[in-house]
Structure formats: C-alpha cells, structure tokens
Amino acid sequence: MQHYLRRVRARLMAALALAILLGPFGAHLAHAAGEDGYDLWLRYRPLPAARRAALQAAATGIATPDDTPTVRAAEAELKRGLAGLLGRAPDTIPAAGEPRAGAVVLARATLPAGLSGAEAVRRDLATLGAEGYLVRSARVNGKPVTLIAANTDIGLLYGSFAWLRQLQLGAAPDRIDLLDKPALPLRVLDHWDNLDRTVERGYAGESIWNWWELPGIIDPRYTDYARANASIGINGTVLNNVNAKAEVLSAAFIAKTAAIANVLRPYGIRVYLSVRWSTPLELKETKTADPLDPQVAAWWARKADEIYRSIPDFGGFLVKANSEGQPGPQDYGRNHADGANMLARALAPHHGVVMWRAFVYAPPAHPGQVSDRAAQAYDQFKPLDGKFDKNVLVQVKNGAIDFQPREPAHPLFGAMPDTPLMMEFQVTKEYLGFATHLVYLGPLFQETLGFDTRAGNKPMTVARVLEGAQDGKVGGIAGVANIGSSRNWTGSTFDQANWYAFGRLAWNPALDSRAIAREWAGQTFTPDARVVDPVVDMMMRSREAAVDYMTPLGLHHMMGTGHHYGPAPWVDSLARADWNPVYYHRADNGGIGFDRTASGSNAVAQYAPEVARRFADPATTPPRFLLWFHHLPWDYRMADGRTLWASLVAHYDHGVAEVDAMQAEWQRLRPYVDARRFDDVAQRLAQQRREAQWWRDACIAYFQHRSGLPLPAGTRPPAHSLDYYKSLTFPFAPGHG
Ligand code: BDP
C-alpha cells in the first residue's frame with residue numbers, strides 16, 4: 001500500500017513539474033496523449049486561458065453575406081476553428097441583424113453600413129483581385145469587430161483560414177492585420193494516382209480517390225482534403241497519374257470525376273485530368289492520333305464538350321507525351337506545339353488549359369552517340385517558344401534531370417520568354433527517402449524559385465519568370481502530391497510540412513522557407529518557442545543532410561533501379577545508357593563528374609551567358625553543383641584546400657552526423673510532443689540514421705573501388721564490402737507498380 005501511495009505521489013509530482021515546465025501552452029500539450037495526425041495543421045486545440053479570454057471577446061458571433069456554398073464553408077471553418085480554440089462555437093448573426101461587439105464580419109464587396117475606415121478598405125479591396133483578402137480590426141457603429149473582406153467568396157474563405165492560422169499561432173486578435181493575394185493563378189497538386197488506387201511514387205497508402213465506389217459513395221475525406229488545400233491556397237488538382245490510361249476519359253470516369261469536382265468546388269479547387277495522347281485511337285473511335293488529322297481534333301472537341309457538360313468549371317488536361325514510352329505527337333512526325341495546341345483548341349471554348357510537360361528525353365539515335373539527358377528538354381522546347389496557343393502552359397520540372405536531391409534550376413526557365421511556364425516540383429519524396437526520411441523540402445523549393453536565370457543583363461528569378469515579370473505571361477506551380485489514404489495523409493508527420501510548404505510557396509513564391517516551417521510547426525505541434533525553435537532547426541538542416549549522405553557536390557541519379565530506394569551508383573547495365581547511374585557520375589580512376597561544359601555535352605550553354613560563364617569554370621561553380629557540370633580528378637583542390645576525394649568523403653560523413661544531431665534534438669522534445677507522434681517520428685529518424693549510414697557506406701565503398709585511393713586518414717571504413725551492398729534487393733518496395 002505504502003509503495004502504491006509513493007508511486008501515486010511520484011506521478012503527481014511529475015505531472016506538476018511537467019505543467020510548470022510547459023507554461024502557457026502546456027495545458028493542451030499535456031492532454032494530447034496521442035494524435036493520429038489526421039487534423040494536419042488545422043488542429044484548433046484549446047488556447048491557453050490567458051489568450052482565450054481575448055479571443056472570446058473578439059468572436060461573439062459570425063455575420064456572413066448571402067448564403068453560398070463557399071460562404072457556408074468559410075463560416076463552418078470559423079465555427080470549427082473557434083470551437084476548438086475557445087471550447088465553444090460562436091453563433092450566426094442573422095443577416096438582418098446589426099453586427100454586435102466582437103462579431104466576425106465576412107464582407108464580400110458590400111461593406112457593412114457604419115464601418116470605420118471604409119474608404120481604406122475599399123481602396124485595399126481594389127488591389128486584391130479575385131482571390132485576395134484582408135483581415136483587420138475595425139468598428140461598425142462604434143462596436144469593435146473583426147472584418148474579413150474580399151471581392152469574391154473564395155477570398156472570404158482564404159481570409160478565414162488566414163485568420164485562424166494567426167489565432168492558432170497565438171496572435172492577439174486585435175493585432176491581426178492581413179492583406180494578401182496569390183502571386184500565381186494556378187496552384188495545383190498533381191496526383192500520380194492510378195485508377196486501381198495504387199499511387200505511382202506514393203508512400204502514404206492507397207489513393208485517396210476511391211474510384212471504384214465513386215460516384216455513388218463520397219468519402220468525407222474529400223472534404224477534409226479540400227479544406228486542407230484551401231487553407232494554403234491550392235486551387236487545382238490533377239486527379240490521376242501522368243502515365244494515364246485511356247479509360248479516364250470514358251463516360252463512367254467523367255461521372256466519377258464530376259462527383260469529386262462537386263465536393264471540391266466550394267473550396268475553390270478545380271479538377272483536371274491527365275490524358276493519354278492516344279486515347280481516341282485506343283478507344284477505337286479514330287484511326288490515328290495524329291494531331292493534324294481533323295477527325296482527331298473533332299474527337300477531342302467532342303470529348304471536351306462532354307466533360308464540361310458535367311463539370312462546367314473543369315480545369316483542363318495535363319499531358320505527358322513522347323516521354324518514357326508514352327505516346328505523343330512525335331509518333332506522327334509532329335512536334336509538341338502541334339500536340340498541345342490541338343488539345344488547347346478543344347478546351348478553349350470552355351476556358352480550360354493544357355499543362356504540357358517538358359519532361360522528355362529519348363535514347364541516343366545511334367548506339368555510342370553522346371547525348372546528355374539534361375539537355376534534351378531544352379533542345380526540343382526552346383525552338384517552340386512562342387508557338388503555343390494562349391491556353392497552353394509548358395510544365396517544367398524544377399531541374400533538368402528528375403527531382404534529384406539537388407539540381408540547378410532547369411535552363412528552360414530562362415529560355416521561354418514567349419510561353420507561360422509552370423513549375424513542377426515533387427512533393428512526394430521519390431528520391432529523398434520516401435516517407436521515412438525527415439527531409440523538409442521548403443529550402444529545395446526556395447532554392448529553385450530564387451535561382452537567377454537572368455533576363456538580358458538584369459536579374460530574373462525563376463519565381464519572377466513564373467509570375468510573368470518578363471513579358472506578362474503568367475504561369476503557375478504544380479506539385480506531385482504526397483497524399484494518400486494513410487491516416488495522417490502523407491505517411492509521416494513531417495511530410496505534412498512538405499504539402500504545407502508547397503502550398504504556401506505556390507501562393508507566394510517569395511515566402512521564406514524558414515518562416516513557413518515556423519508557421520507549420522506552430523500549428524502542428526504548439527506555438528511554444530521551446531518546440532518551434534528546435535523543430536524548425538531540424539527541418540532547415542534536413543535537406544542539406546540528405547544531399548550530403550546521398551548525392552553531395554552535384555552528384556545525381558545514383559539510386560536503385562526501378563523503385564529508386566537506396567544507393568546503387570554501380571548500376572551500368574540498364575537498356576538505356578541514360579538510366580544508369582554510371583552515366584551520371586562517370587567515376588573512374590581518373591576522376592568523377594559529368595562534364596557539361598564545352599569540352600563535354602555543353603549543356604551549360606543552355607543557361608543565359610552570365611550563368612553559363614559561372615558554371616563553365618569549376619573555380620566559380622558553387623561546390624553544390626560542382627560534379628553536375630564538371631568531371632574532375634580525384635585530387636582536384638577544393639577552395640578549402642582539401643582534395644575532391646577527401647571532400648566527398650567528408651560530405652558523406654557530415655550527412656550522417658546531421659541525422660545523429662536531428663535524432664538527439666528530437667529526443668529533447670519528448671516532454672512537449674504527444675507520445676504517438678513523438679514515437680513515430682523517433683522511429684523514422686532511427687531508420688533514417690540506418691539508411692544514411694547505408695548510403696554513405698555503399699557510395700564510399702563504390703567510389704573507393706573506382707578511384708583506387710585509400711580512405712582519407714581517420715575515415716571509418718564502410719561496414720560491409722561493396723559486393724554486399726550490390727547484393728541487396730528490394731522486392732515490393734512501395735510506389736513502384
Ligand atoms: C520519374 C518517376 C516516374 C514518373 C516520371 C515522370 O520515376 O515514375 O512517371 O518521373 O515524371 O521521376 O513522368
């Protein structure tokens with residue numbers, strides 16, 4: 001008995017100590033025994049008492065303009081959010097009633113009579129376009145209110161989410177003053193989801209689209225998907241894989257697509273479909289898929305009419321053509337513009353767009369011919385600049401190879417001034433450790449968006465190109481989604497941050513990835529700096545860590561065949577030269593790296609002269625891109641005096657050490673994070689640590705074999721022989737059909 005009492009007393013003391021330790025945000029932390037992550041960053045957990053009172057006074061009721069599905073969605077979100085933060089939802093103020101003190105007033109175009117500062121609000125509204133919003137404290141007939149104003153319903157929804165974000169982050173209601181609008185009109189998620197519900201490069205379970213049960217059965221998750229996306233400003237979604245099937249354009253799948261569109265519409269999200277070039281031919285409704293054949297064009301026009309009859313705001317088509325075995329206009333001797341324009345004309349009467357991918361590469365025409373995969377998209381698309389119809393956007397991957405841990409920005413971003421371009425990022429981490437490794441992609445996105453492509457002799461970032469700064473041709477941003485049916489949506493807590501960061505940067509490519517990480521961590525865990533600071537620190541170091549333990553110094557494409565999991569720099573026997581890792585690193589006993597200067601493939605000349613000059617000389621090439629552009633001897637002297645070989649090994653070691661540091665940092669957060677999410681992240685970090693070591697050891701073993709050099713003094717030898725690493729196989733790895 002005594003023993004029992006002692007234990008109870010000890011527990012009470014521990015709880016008390018924890019409460020003191022946790023301070024103002026402690027209450028909800030201590031109670032959160034386990035979160036499954038379903039709520040994402042829209043958790044709306046109770047505010048600490050001190051903050052609750054202020055918000056209570058500022059949220060006494062909600063006044064909305066006329067009742068539309070989007071206004072209803074905004075109101076429902078405000079009620080849900082405030083109910084969570086305050087413990088009770090404010091009521092609806094009837095349209096006829098006058099706003100009371102503390103009301104949250106949603107105003108679309110018409111402002112409430114008696115509003116203070118109405119002139120300034122009108123002036124601001126005039127700058128906000130169709131999707132912007134403002135949120136500020138104001139007075140109506142002397143009574144304090146929170147005003148959320150916009151020109152459209154969707155602006156009100158975005159404003160509501162933005163206000164709730166600030167409240168979750170602990171902002172004082174009367175200090176919140178927001179004025180914002182998106183920089184880009186198209187902010188799109190690309191699902192690589194197949195119609196059988198598998199997901200190409202998906203690491204978060206099955207597709208969230210239950211095609212089989214649609215359109216009769218609507219999973220409530222579709223609404224939560226829409227809420228999450230609207231909360232970060234995403235306004236489009238391509239439902240199916242770019243490796244598309246003809247059946248997606250059958251009447252049955254159009255009906256299923258329409259059912260999803262109906263759920264997403266109130267949240268400002270349009271649906272798009274990936275289409276297979278040869279669809280009419282495969283459905284046996286035409287005799288060819290030649291874009292210049294009038295019957296083919298007529299088929300697509302009829303198909304577009306059919307789609308728009310059930311989805312009046314359908315977004316358009318995404319197309320992967322003449323790429324990795326997909327059919328396309330080149331099969332008929334036509335070019336990408338011929339193909340894209342034919343589809344664009346079918347969609348134009350309905351205001352739809354074509355997102356035509358520039359991810360194309362072909363094997364060399366003759367065996368032995370030197371070709372550089374990195375140069376091919378530019379070679380095919382640059383001559384077509386200005387030849388695309390107005391409603392075509394050319395969608396370019398962030399780099400010229402394929403979503404590698406690090407790539408310089410794609411040269412096409414600086415080369416198509418007369419064509420609207422879309423960025424294609426990959427949010428799912430096919431080449432960055434799947435859903436296991438903690439790798440925050442914000443810095444990767446930001447690095448590419450901030451890349452200076454130059455316009456003449458003026459600076460011109462990729463972000464500004466997308467925004468149409470050069471010539472008014474406004475583009476967009478697409479992200480290959482990392483979303484699946486797993487309970488936490490993305491397979492891991494920290495992968496939610498990549499979805500979040502993608503959306504925030506698509507809204508405003510000038511945002512800082514660290515600030516976004518702070519926002520995300522504050523909403524996902526707690527705004528308490530004792531949590532946010534270390535979490536953000538881990539996140540900001542994580543991408544560089546992965547680059548270091550996978551492909552440092554500009555190396556790329558060294559992953560395992562097919563599944564793309566783990567290291568395989570030795571692979572040299574695949575059917576196409578440009579599928580082999582050895583094609584990219586070119587390591588032998590003389591040196592390592594891909595010569596893309598004039599003495600090699602000269603792909604560097606695809607950049608603006610100033611950029612090309614910098615990358616053409618190893619001395620002025622940033623070390624992060626060194627082996628991307630240069631083949632250098634192992635004893636090449638780096639700026640810090642080390643040899644290239646020593647530097648390469650040091651980068652691998654540093655990458656592994658960074659994962660050690662992240663693990664230690666996470667352990668210190670144990671008191672502040674609910675046990676369920678804490679343990680899950682801890683296990684993933686432990687797995688990441690093992691895999692980082694594996695990458696490091698396998699790559700060092702292989703490169704030592706190529707270079708014939710001893711390991712630099714003090715280097716730990718790889719744990720196993722090169723043959724051991726080569727012998728590993730990974731049947732049933734996820735994401736690979
Ligand atoms: C590669 C993926 C492959 C995609 C391809 C694409 O491995 O699954 O189909 O990109 O973007 O990175 O089309």
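For ligands, and for the atoms within them, numbers begin at 1 and follow the listed sequence.
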Looking at ligand 1, does Lys397 have a heavy atom less than 4.0 Å from it?
yes

Give a yes or no on whether a salt bridge exists between Lys397 and Glu407, defined as a side-chain N under 4.0 angstrom from a carboxylate O.
no

For ligand 1, is there an N or O atom under 3.5 Å from any N or O atom of Trp192?
no

Check for me whether His564 has a heavy atom closer than 4.0 Å to any atom of ligand 1.
yes

Determine, for Glu544 against Arg624, whether the closest basic-nitrogen to carboxylate-oxygen distance falls under 4.0 angstrom.
no

Counting neighbours of CZ on Arg464 that are heavy atoms of other residues, nucleotides or ligands and sit closer than 6.0 Å, is the number greater than 12?
no

State the atoms of ligand 1, each with its element, that fall below the 4.0 Å cut-off from a heavy-atom position in Tyr431.
1 (C), 7 (O), 12 (O)

Going by distance alone, is a donor N or O of one side chain under 3.5 Å from an acceptor N or O of the other, for Asn482 and Thr428?
no

Specify the protein heavy atom at minimum distance from atom 1 (C) of ligand 1: its residue, its atom name, and the distance to 0.1 Å.
Asp402 OD2, 3.1 Å

Output field: ring centroids Phe615/Phe629 closer than 6.0 Å
yes

Nearest non-hydrogen protein atom, atom 3 (C) of ligand 1:
Glu200 OE2, 3.4 Å

Are Asp196 and Trp212 linked by a side-chain donor-acceptor pair shorter than 3.5 Å?
no

Ligand 1 and Glu424, any nitrogen or oxygen pair closer than 3.5 angstrom?
no

A student comparing His557, Arg357, Lys320 should find that the heavy atom closest to atom 11 (O) of ligand 1 comes from Arg357

What protein heavy atom sits nearest atom 7 (O) of ligand 1, and how far away is it?
Glu430 OE2, 2.4 Å

With heavy atoms under 4.0 Å as the rule, classify the contact between Val480 and ligand 1 as side chain, backbone, both or neither.
neither

Could you tell me whether Lys390 atom NZ has more than 12 heavy atoms of other residues or ligands within 6.0 Å of it?
no

Give the residue, atom name and distance (to 0.1 Å) of the protein heavy atom nearest atom 5 (C) of ligand 1.
Glu324 OE1, 3.4 Å

Side-chain ion pair, Glu282 and Lys245, N-O less than 4.0 Å
no

Run the contact test for Gln426 against ligand 1 with a 4.0 Å cut-off on heavy atoms, strictly below, and give the result.
no

